[in-house]
**Student:** 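Quick one: this structure, given as structure tokens, is what I'll be asking you about.
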Amino acid sequence: FSSGDLLAATVFPHEPGTNLLRCVAGLGEDAARLRRITISADPDTPEGSGVGAQAFREGKVCVSNDFLNDVRSLPWRESATEGRVGAAAAMPLACNGKNVGVLLVTKREAGSLSEEIVSLLERMAKNISVALDTFEHETSRKRSERAARRLNRMFGAISATNEAILRAKTELELYQLVCDAAVHSGKSLGTVALLAEPGSIWLKAVAATGEIATRITETKFSIDAGNPYGRGVTGEAFRTRKPSVNPDIAANSGPWKDVQRRTGVTACVAVPLIKAEASIGVLLFFVGRSWAADEEIIALFSRIAENVSFALDNFERAAERARLDERKQSLTRMYAALSATNEAIMRAKSRVELYELVCEAVAQGGRFNSVSILLSQAHSDHFAMVASAGPTAHNARRLKVSTSEAHAEGRGVCGTAFRTRRASIANDFVNDPRGNAFQQVIQSDGARSGAAFPLLVEGQPVGVMLFISAE
């Protein structure tokens, strides 16, 4: 401007998402007026008829050497007259081959924009366009570098997650190791693992890492779309089984506004945890806005969750195999106990010896805490314990057990089996009300389950055989 003897030199870039061009930079006596005007890219509007709009649309220099009498100046005639504008010219500004705005200049004298001056102004606009290309390329390069750094960190997090899957012995340990990996290797600001609580609409934090983790775990998250705490990314990811992103938590904080204010988190990504083809929870990653806007990053967060879900299925399969192996071992032990019982029957020389040999064989072969035989007594409503074997047989001998339901000690598995002539089983001794009268012995014995089977002679009950287990 200072070298061009101009009334004003201004730059009007195109506003993305609109048809408007507005002045963002200018210098000169006429600059203040030009900052107040608006140019439209739409030729069907009055503001779209001037030299600036024409130059933008056509990508060519547009000159008016008699501006006040030029029909194209009608929308701004009054202010141009006051500013004593005699001539105006607009040169298109381009970036990456696309028009992005105009360089608009004005002069006092009509007819003062000669071909030489216009040529120099056009050269100036092209130089500005070259600079815009350079800026864009540099910005793109920096974006690429930042994206590469983000991806490298995420690949590091995936690698650490895979290592965690190999190291973890339990599901809870896996969740914590994954949160650690996302924060320490992936540079997440904070990561929280949330699991759905059975029979509830709420998600419960079971693992968390990061400076903000404590505050995040103190808030509420729901899976219910009808609950305010279920309308965020966590609830959506859980319900849809797809990633959910909040790129601007401050603007979309919902009921978590206070938590956002205290933690300063800007964006987050929630990905579902799947087990047996059903959502069981969510991994919640707090990240910067650039991370939340990067589709490749979101895909890698999903990969982490998929790897964890795969590990959860493996845990379930391993647990099922362990249960089947344990069941097989139990059956093997019971067959061994049955074989030992048959042998004891063959060896016994008396009833007393029979009882003792059978209890010892079953306790040893079946790995029970204790195995006892209790017989009814003709003139009593309490059993007589005639034999007991096993590691805790001394506790079993302390039992006072009744055949009658009228007594509290007759309402357990032994009394029930005797009266019903059917097996009576308690798979949770500690919480089974039938064992209330025996809690002291149960606790000292470490008993967790038990079963009583009736002993029958010619169809009539004469006693019971009691099995106690620590499992």
Side-chain angles (χ1 to χ4, degrees), residues 1-139 251:
F1 166 78
S2 61
S3 303
D5 191 26
L6 302 172
L7 191 60
T10 54
V11 175
F12 281 73
H14 175 237
E15 289 188 345
T18 74
N19 284 325
L20 303 178
L21 290 80
R22 298 185 191 275
C23 180
V24 297
L27 191 63
E29 184 180 336
D30 193 34
R33 179 187 70 84
L34 291 174
R35 286 181 182 275
R36 293 193 299 269
I37 73 170
T38 298
I39 298 174
S40 174
D42 185 354
D44 296 327
T45 62
E47 292 79 8
S49 61
V51 292
Q54 188 176 346
F56 178 78
R57 288 193 300 271
E58 298 177 1
K60 298 178 181 179
V61 176
C62 188
V63 181
S64 175
N65 259 317
D66 187 7
F67 193 69
L68 295 180
N69 294 312
D70 193 325
V71 66
R72 293 174 295 182
S73 70
L74 279 175
W76 310 281
R77 182 73 54 81
E78 184 178 349
S79 63
T81 300
E82 292 177 359
R84 294 185 295 167
V85 177
M91 284 62 61
L93 299 175
C95 182
N96 289 333
K98 181 181 179 182
N99 292 338
V100 296
V102 294
L103 172 65
L104 180 62
V105 301
T106 58
K107 293 198 71 173
R108 180 84 66 196
E109 301 83 9
S112 59
L113 289 171
S114 63
E115 288 187 10
E116 184 180 5
I117 291 175
V118 171
S119 178
L120 291 173
L121 290 171
E122 185 176 12
R123 173 55 54 190
M124 185 185 302
K126 288 182 178 179
N127 289 342
I128 294 173
S129 295
V130 170
L132 292 175
D133 281 342
T134 301
F135 286 142
E136 180 62 25
H137 293 158
E138 179 65 13
T139 301

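All heavy atoms count here, side chains included; hydrogens, waters and symmetry mates do not.
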**Student:** Given Leu113, which of Asn65, Val61, Thr106 fulfils the side chain to side chain contact (heavy atoms under 4.5 Å, CB included) condition?
**Tutor:** Asn65
**Student:** Under the criterion side-chain contact (heavy atoms from CB on, under 4.5 Å), I'd like the reasoning laid out for Met91 against Ile128: C-alpha separation, chi angles, the key distance, then a yes or no.
**Tutor:** CA-CA 10 Å; Met91 284 62 61; Ile128 294 173; over 6 Å; no
**Student:** Find out whether Glu47 and Ile39 are in side-chain contact, i.e. whether some heavy atom of one side chain is under 4.5 Å from a heavy atom of the other.
**Tutor:**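 The answer is no; the side chains never approach within 4.5 Å.
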**Student:** Please report the shortest heavy-atom distance between Leu103 and Leu121, naming the atom on each side.
**Tutor:** CD2-O, 4.4 Å
**Student:** Which heavy atom of Gln54 sits nearest to which heavy atom of Cys62, and what is that distance?
**Tutor:** OE1-SG, 3.3 Å
**Student:** Check for a donor-acceptor pair, side chain of Asn99 on one end and backbone N or O of Phe56 on the other, with a separation under 3.5 Å.
**Tutor:** yes
**Student:** Shortest non-hydrogen contact from Asn96 to Asp133?
**Tutor:**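 Reported closest heavy-atom pair: N-OD1, 2.5 Å.
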**Student:** Distance from Asp30 atom CG to Ser79 atom OG, nearest 0.5 Å?
**Tutor:** 8.0 Å
**Student:** Drop me the distance from Lys107's NZ to Ser64's OG, to the nearest 0.5 angstrom.
**Tutor:**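 Rounded to the nearest 0.5 Å, the NZ-OG separation comes out at 14.0 Å.
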**Student:** Salt bridge or not between Arg33 and Glu82? Use side-chain N to carboxylate O under 4.0 Å.
**Tutor:**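 Judged by the 4.0 Å cut-off on N to carboxylate O distance, Arg33 and Glu82 do not form a salt bridge.
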**Student:** Return the minimal non-hydrogen interatomic distance between Ala88 and Phe67, and the atom names on each side.
**Tutor:**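 Reported closest heavy-atom pair: CB-CD1, 3.7 Å.
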**Student:** Can a donor-acceptor pair be found, under 3.5 Å and without considering hydrogens, that links the side chain of Ser119 to the backbone of Glu115?
**Tutor:** no
**Student:** Nearest 0.5 Å, what's the CD1-CZ distance between Ile37 and Phe12?
**Tutor:** 4.0 Å
**Student:** To the nearest 0.5 Å, how far apart are CG in Leu7 and CG in Leu27?
**Tutor:**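 Reported to 0.5 Å precision, the distance equals 11.0 Å.
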**Student:** With rounding to the nearest 0.5 Å, note down the distance linking CZ in Arg22 to NE2 in His14.
**Tutor:** 11.0 Å
**Student:** What pair of heavy atoms forms the shortest contact from Ala31 to Ala8, and how long is it?
**Tutor:**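 So the two residues come closest at N-CB, 3.6 Å.
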**Student:** Between atom CG of Leu21 and atom CG of Leu104, what is the distance when rounded to the nearest 0.5 Å?
**Tutor:**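 Atom-to-atom, Leu21:CG and Leu104:CG are 10.0 Å apart.
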**Student:** Whether the side chain of Arg108 engages the backbone of Gly83 through a donor-acceptor N/O pair (distance < 3.5 Å, no angle test) should be reported.
**Tutor:** yes
**Student:** Identify, with sequence neighbours excluded, every residue that meets side chain to side chain donor-acceptor pair (under 3.5 Å) alongside Ser129.
**Tutor:**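 Ser129 satisfies side chain to side chain donor-acceptor pair (under 3.5 Å) with no residue once adjacent residues are dropped.
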**Student:** Restricting to non-hydrogen atoms, name the atom on Val24 and the atom on Pro13 that form the minimum distance, rounded to 0.1 Å.
**Tutor:** CG2-CD, 3.4 Å
